Amino acid sequence: MAHILLGVSGGIAAYKAVLLLRMLQGTGHQVRVIPTPASLDFVGDRTWQALTGEPVYTETQVPDVRYDHIEMARWADLLVIAPLTANTLGKLANGLADNLLTATCLAFSGTKLMAPAMHPAMLNNPAVQRNATLLTEAGCFFVDPGSGELAHGDSGTGRLAEPEEIFHQVQLLLGETATDTGGNSLAGKRILISAGGTREALDPVRFLGNRSTGIMGRELARAALCEGAQVTVVAANVTVELPKQAEIVTVESTAELAEEMLNRSRCSDIVIMAAAVADLRPIAFSQAKIQTGFDRGLTLQLEATEDILAELLQRRHEGQVIVGFAAETGNASQGFLEMGRAKAIRKGADLLAVNKVGASAGFGNRDTHLYFMGPDGELLGEASGTKFQVAQQLLALVSQVSEIEP
Ligand code: CTP
């Protein structure tokens with residue numbers, strides 16, 4: 001059973017954290033609660049002390065303290081903050097440590113789950129959205145707030161997710177549930193995932209590249225870890241934190257990515273090409289910075305890079321499942337699904353996850369919608385939600401595909 005820190009910040013939804021605490025304890029987890037000073041107006045420290053049987057502190061500088069922020073951080077396997085207010089979110093995104101909860105968060109390098117709760121007007125504020133994006137990039141998970149009635153007689157999106165939903169996310173992160181979307185369905189499987197985007201150097205300071213951050217690859221890695229898989233991520237210029245439980249191999253160019261993926265695929269059961277791979281690279285690399293009269297323009301000579309997915313499919317061993325990705329926008333003559341279908345047939349991967357580029361934004365993590373196509377272009381399923389949620393659904397389909405593989 002896990003050691004869980006439950007952070008509670010100051011909002012009316014703090015009472016729901018009591019229910020969450022009971023659920024966590026009910027499944028045998030050891031829980032310590034760290035309320036912020038402001039939250040004590042909503043649920044007092046005596047409640048937390050009575051329910052946990054542990055001393056409860058809110059500040060770092062306390063005489064006779066039994067647990068300080070460093071000890072708390074060392075003790076915990078998982079840190080959950082529910083509710084997370086806009087104020088605490090802002091502090092965490094900026095690395096502030098003005099109370100025990102924020103200081104512990106800074107000292108804790110394990111998995112963090114945030115359940116925000118605030119008025120819709122605050123939720124939609126660009127500063128709040130920016131802070132949530134910063135935390136997502138730093139590796140925090142979010143449980144999106146729900147819609148309904150709020151304090152002040154208002155309604156809209158912003159109320160704390162239900163304790164059951166937060167509890168379910170905790171179980172998924174701890175890899176404990178035995179449901180379709182979480183558990184040990186990939187126990188013993190070795191999964192190789194490419195993430196990020198490759199860069200092709202022109203000279204020591206310039207490169208041709210793309211905007212991929214690596215979030216999709218990271219979420220796949222996390223979802224696979226939650227399902228009990230052994231995960232390797234080959235990361236090309238990833239700008240977000242990758243899970244510590246995975247083996248991480250860093251590369252820069254398509255040639256390096258190809259080498260790592262092809263070598264490592266030999267002992268992998270599932271290979272997922274989530275990286276955005278440069279299709280072309282400069283024919284020549286200039287050792288010295290290119291000096292040009294750019295006013296006359298510059299013509300670059302490019303050559304095709306390795307088609308890693310095609311090579312993986314050629315070398316595919318029995319029982320191995322290979323997944324590709326395709327981001328499509330569609331054009332005047334073809335919709336994005338038709339384009340995805342044509343690519344699925346052309347590529348011949350066991351699964352091609354087709355993504356319509358330009359989906360709407362969610363809290364912390366962008367919502368996305370994927371269509372899964374088989375090697376004959378048949379639609380095998382679709383998934384929508386945060387990238388973590390669609391990653392879980394993709395892996396559920398991979399498990400099914402691997403069961404029917406000869
Ligand atoms: N891919 C690859 N090697 C390449 C290019 C792409 O392995 N040199 C993989 C990507 O990781 C992805 C899939 O192939 O899983 C489809 O990528 P995409 O760029 O959409 O495919 P392309 O063949 O480059 O198609 P397009 O002509 O639309 O760019």
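As the structure lists them, so they are numbered: ligands from 1, and atoms in each ligand from 1. The model shown is predicted, which means the values in this text are computed figures rather than measured ones.
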For [atom], the protein heavy atom that lies nearest, with its residue and separation:
atom: atom 3 (N) of ligand 1; value: I308 N, 3.1 Å
atom: atom 28 (O) of ligand 1; value: K343 NZ, 2.7 Å
atom: atom 13 (C) of ligand 1; value: F325 O, 3.1 Å
atom: atom 7 (O) of ligand 1; value: L309 N, 2.8 Å
atom: atom 27 (O) of ligand 1; value: R346 NH2, 4.4 Å
atom: atom 6 (C) of ligand 1; value: V277 CB, 3.8 Å
atom: atom 11 (O) of ligand 1; value: A275 O, 2.8 Å

- Query: Is T254 near ligand 1, meaning one of its heavy atoms is under 4.0 Å from it?
  - Reply: no
- Message: If the contact criterion is a heavy-atom separation under 4.0 Å, does K347 count as touching ligand 1?
- Response: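 Right, K347 reaches ligand 1.
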- Query: Should K91 and D98 count as side-chain neighbours, where that means a heavy-atom distance under 4.5 Å?
  - Reply: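 K91 reaches D98 side chain to side chain.
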- Query: With backbone taken as N, CA, C and O and side chain as the heavy atoms from C-beta onward, which portion of D279 lies under 4.0 Å from ligand 1: side chain, backbone, both, or neither?
  - Reply: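 Answer for D279: side chain.
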- Ring-ring centroid check Y371 F336, cutoff 6.0 Å: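 Between Y371 and F336, the centre distance is under 6.0 Å.
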- Message: Check this for me - ligand 1, M273, N or O atoms closer than 3.5 angstrom, yes or no?
- Response: yes
- Can you label the angle between the H3 ring and the W75 ring as parallel, tilted or perpendicular, going by 30° and 60°?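 Taking W75 first and then H3, their aromatic rings lie parallel (interplane angle under 30°).
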Going by the order shown, which atoms of ligand 1 are within less than 4.0 Å of some heavy atom of [X]?
X: E306; answer: 3 (N), 4 (C), 8 (N)
X: G324; answer: 15 (O)
X: T305; answer: 8 (N)

- By side-chain contact (heavy atoms from CB on, under 4.5 Å) - contacts of A38 (at least two apart):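 Here the qualifying residues are T36.
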- Message: Under a 3.5 Å distance rule, please check whether Q230 uses its side chain to pair with a backbone N or O of E247 as donor and acceptor.
- Response: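 Looks like no, no N/O pair under 3.5 Å.
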Between [Y] and [X], is there a side-chain donor-acceptor contact under 3.5 Å, judged purely by atom types and distance?
X: S39; Y: S9; value: no
X: T305; Y: T254; value: no
X: D154; Y: H119; value: yes

- Message: Suppose we screen for salt bridge (Lys or Arg N to Asp or Glu O under 4.0 Å). Which residues come up paired with E200, at least two apart in sequence or across chains?
- Response: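 Expected list: none.
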